[in-house]
Amino acid sequence: MKTVIIGAGAMGSLFGGLLSISGEELWLVDIWKEHIDAIRSKGLAIEEKGITRNIPVNATSDVRSAGEADLILYFVKTYHTEKAVKDSLALQKENTLFLTLQNGLGNEEIICKQVDRKKVILGVTGQGATLLGPGSIRHAGWGKTSVGELDGKATDRISRVAQMLQKAGIETEVSSRIHDLVWEKLFVNVGINALAALLGLKNGQLLDYPETLRLMETLVHEAVEVARKKGIRIEGNPIDRVRGVIEATRENRCSMGQDLDFKRKTEIDAINGALVREAERFGIPVPYNRMITDLIKVIEKTF
Ligand code: NAD
């Protein structure tokens, strides 16, 4: 299955590198030329548990040169999705599939505005990666990846995508409730990212203070209330799940934290901000999420 990944930052490079090793026809596309040039000249360096591998990967900053794709996978930040989808339409053929594994809400809708909904599939991933510099990333997390059809059906094409990822060493399942899983991932991001980012904390430190614990739980409770109203089926206890992720990523500075540290735009609009917009539609007050969204937005404006 010829796959083109749009957005070859931390996650795009991780998936691209692993798929290339497994023998899939794979192209990385990124507008960051220095990064693409480094991959083309020296290969992609993936550091994993202290060991660095250099992997030859097809990479280009000219999207058209990647050619027609069976699967287009988006790994740009959420505020770049619309432009990335537009750019990638040149790679489309009759049965091309369009997949996003990005965080947050709204990516599906942005893709479906430009692409026939029947060609769009959805996913979430618990894999984690950090960009180290041009041509170089660190594999930092090994959680499960889930993919699914928008209508939840078990199709051959979704099985093929899952098998391809599985073969590349990316633990993947097909889910019949992929929208529920997108929300479950949202709970994690809503509870951790903006809070740790604002306070300058590593994830694990959120569990060290009663105040941050209370704030995390309230942010997640608000999100759960909106999800329930929306008809999202929630399995297990979301707060326990968020705590579990915090424990497992104790030493991480979350990506929104890194964005603030380096004075970069964040994905707040697709995470707590998206939750606020959904809450408004149902008339549910979510004051903690509103406040934390506003705080991040003001910080972004001072950059
Ligand atoms: P990143 O910033 O490292 O990479 C994004 C890349 O997209 C950049 O290299 C940028 O140059 C490129 N880009 C922007 N516009 C483009 C365009 N039009 N065409 C081609 N390339 C373009 O981001 P990331 O950390 O890899 O995250 C990507 C998505 O995955 C985000 O939604 C994030 O929330 C999600 N995610 C990240 C992790 C993680 O551990 N980093 C884990 C799970 C999910």
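In listed order, ligands and their atoms are each counted from 1. Any value given below was found using the heavy atoms of this structure, including those in side chains, with hydrogens, waters and symmetry copies removed.
When only non-hydrogen protein atoms are considered, atom 2 (O) of ligand 1 lies nearest to Lys77 NZ, 3.3 Å. When only non-hydrogen protein atoms are considered, atom 7 (O) of ligand 1 lies nearest to Gly7 CA, 3.4 Å. In this structure, atom 34 (O) of ligand 1 lies nearest to the protein heavy atom Glu267 OE1, 2.6 Å. Given atom 30 (O) of ligand 1, the protein heavy atom at minimum distance is Phe75 CD2, 3.7 Å. Considering only non-hydrogen protein atoms, atom 25 (O) of ligand 1 sits nearest to Ala10 CB, 3.9 Å. Annotation: atom 22 (C) of ligand 1 to nearest protein heavy atom, Val76 CG1, 3.5 Å. With respect to atom 26 (O) of ligand 1, the closest heavy atom belonging to the protein is Met11 N, 2.8 Å. At the top of the distance list for atom 11 (O) of ligand 1, counting protein heavy atoms only, stands Asp30 OD1, 2.6 Å.
Between Glu82 and Lys113, none of the side-chain N atoms (NZ, or NE/NH1/NH2) sits under 4.0 Å from a carboxylate O, so this pair counts as no salt bridge. Ion pairing of Asp151 with Lys118 is absent here, as no side-chain N (NZ or NE/NH1/NH2) approaches a carboxylate O to less than 4.0 Å. In summary, Glu280 and Arg290 engage in a salt bridge, as defined by a charged side-chain N under 4.0 Å from a carboxylate O. A salt bridge links Glu184 with Arg177; the closest basic N to acidic carboxylate O contact falls under 4.0 Å.
Looking at heavy atoms from C-beta onward, Arg40 lies in side-chain contact with Thr60 at the 4.5 angstrom threshold. Contact of the Asn103 side chain with the Thr78 side chain is not registered, since no non-hydrogen atoms from C-beta on lie closer than 4.5 Å. Counting only heavy atoms from C-beta outward, the side chains of Asp87 and Ile6 never approach each other to under 4.5 Å. Residues Val115 and Thr96 form no side-chain contact, since every pair of their non-hydrogen atoms from C-beta on lies 4.5 Å or further apart.
Ligand 1 has an N or O atom lying under 3.5 Å from an N or O atom of Asn103, backbone or side chain.
Inspection of the Ser146 and Glu173 side chains reveals an N or O donor paired with an N or O acceptor under 3.5 Å. Using modelled atom types and a 3.5 Å distance limit, the side chains of Thr172 and Thr145 yield no donor-acceptor pair. No donor-acceptor contact under 3.5 angstrom links the side chains of Glu24 and Ser22, judged on distance only.
Neither the backbone nor the side chain of Gln258 has a heavy atom within less than 4.0 Å of ligand 1. Contacts of Ala129 with ligand 1, taken as heavy-atom pairs under 4.0 Å, involve the backbone alone.
Residue contacts with ligand 1 include Gln127, since one of its heavy atoms falls under 4.0 Å from the ligand.
Those atoms of ligand 1 with a heavy atom of Ile6 less than 4.0 angstrom away are 19 (N), 20 (C). Every atom of ligand 1 is numbered from 1 in the order shown, and the set under 4.0 Å from a heavy atom of Asp87 is 18 (N). With ligand atoms numbered from 1 in the order given, ligand 1 contributes 20 (C), 21 (N) to contacts under 4.0 Å with heavy atoms of Val29. For ligand 1 and Gly128, the ligand atoms under 4.0 Å from any heavy atom of the residue are 40 (O).
When the heavy atoms of His80, Lys185, Met256 are ranked by distance to atom 14 (C) of ligand 1, first place goes to His80.
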